[in-house]
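Owing to the predicted nature of the structure, the values given are computational and were not obtained by experimental measurement.
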Amino acid sequence: MRDETRRNMPLFSMGTVTKLTELTPRQVRYYEQQGLIRPARTNGNQRLFSFNDVDRLLHVKTLMEKGVNIAGVKEMLQKEDQGETVSAEVVEAQPVKKPEISEAELYKLLKRQLADPSARSNQNHLLRGELSRFFH
DNA sequence: ATTCTGACA
DNA sequence: TGTCAGTA
């Protein structure tokens, strides 16, 4: 199947996403309300995030850490969605380059997560299960 | 055990 | 944003 299709495949649970992004569930839900992401839902109304969602979330995170507010992040992601390049001062913040998280970076994150021994018998099994579908 | 929505001493 | 409540 097409790569874009794979990247939009609903795979991850809230728990997995919060561990992958280091964001709190509160933040993830809030960003969704702001229209920054639109994860799919299970029959039980549970969110199912795609690779793209995680990617965007990480993007949002780095932007916010640079002092950009929701309005600013919203504008930047919106323009990037339109294919435009966000260079800097559209917002009341610091100059933002091109923090677009690369797939390589995302894979590294996932790999570390899967290999992390400190995270004892946690839910790596869960993550593996979710990813197995992606790598099918 | 997890996640969800709504609400605010 | 945190957090507690009452569900599904």
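- OP1 or OP2 of dG2(C) sits under 4.0 Å from a side-chain N or O of T24(A).
- Regarding Q27(A), its CD atom lies at a distance of 16 Å from the P atom of dT3(B), rounded to whole Å.
- Straight-line distance from the CZ atom of F49(A) to the C1' atom of dC4(B): 11 Å, rounded to whole Å.
- For F12(A) and dT3(B), the CZ to P distance is 14 Å, given to the nearest whole Å.
- As rounded to whole Å, 12 Å separates atom P of dG6(B) from atom CD of E32(A).
- The residue R29(A) sits close to a base: some heavy atom pair falls under 4.0 Å.
- Regarding contacts with the backbone of dA8(C), every side-chain N or O of R41(A) stays at 4.0 angstrom or more from both OP1 and OP2.
- Taking 4.0 Å as the cut-off between side-chain N and carboxylate O, K19(A) and E130(A) do not count as a salt-bridged pair.
- At whole-Å resolution of the value, OH in Y30(A) and C1' in dG2(C) are 14 Å apart.
- Listed pair S13(A) / dT3(B) meets the phosphate criterion, a side-chain N or O lying under 4.0 Å from OP1 or OP2.
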Determine, stepwise, if the pair T16(A) / F49(A) fulfils side chain to side chain contact (heavy atoms under 4.5 Å, CB included). CA-CA 9 Å; T16(A) 298; F49(A) 305 82; over 6 Å; no

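- The nearest whole Å value for the distance from the NZ atom in K19(A) to the C1' atom in dT2(B) is 10 Å.
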Determine whether R41(A) and R47(A) satisfy the following criterion, side chain to side chain contact (heavy atoms under 4.5 Å, CB included), listing intermediate values before the conclusion. CA-CA 5 Å; R41(A) 298 282 182 145; R47(A) 267 167 270 248; 3.0 Å; yes

Verify side chain to side chain contact (heavy atoms under 4.5 Å, CB included) between H59(A) and M76(A), making sure each step is shown before the conclusion. CA-CA 10 Å; H59(A) 191 167; M76(A) 301 177 89; over 6 Å; no

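- Between the C1' atom of dC4(B) and the CG atom of N45(A) lies a distance of 6 Å, rounded to the nearest Å.
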Derivation of the salt bridge (Lys or Arg N to Asp or Glu O under 4.0 Å) call for R38(A) and D53(A): CA-CA 7 Å; R38(A) 16 182 335 173; D53(A) 290 327; over 6 Å; no

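- R26(A) has its CZ atom 17 Å from the P atom of dT3(B), to the nearest Å.
- Using the Watson-Crick or G-U wobble rule with both distances under 3.5 Å, dA9(B) pairs with nothing in any strand shown.
- Nearest-nucleotide positions on DNA chain C place I70(A) closer to the 5' end than the other of G44(A) and I70(A).
- When both pairing distances are held under 3.5 Å, dT3(B) makes no Watson-Crick or G-U pair with any nucleotide shown.
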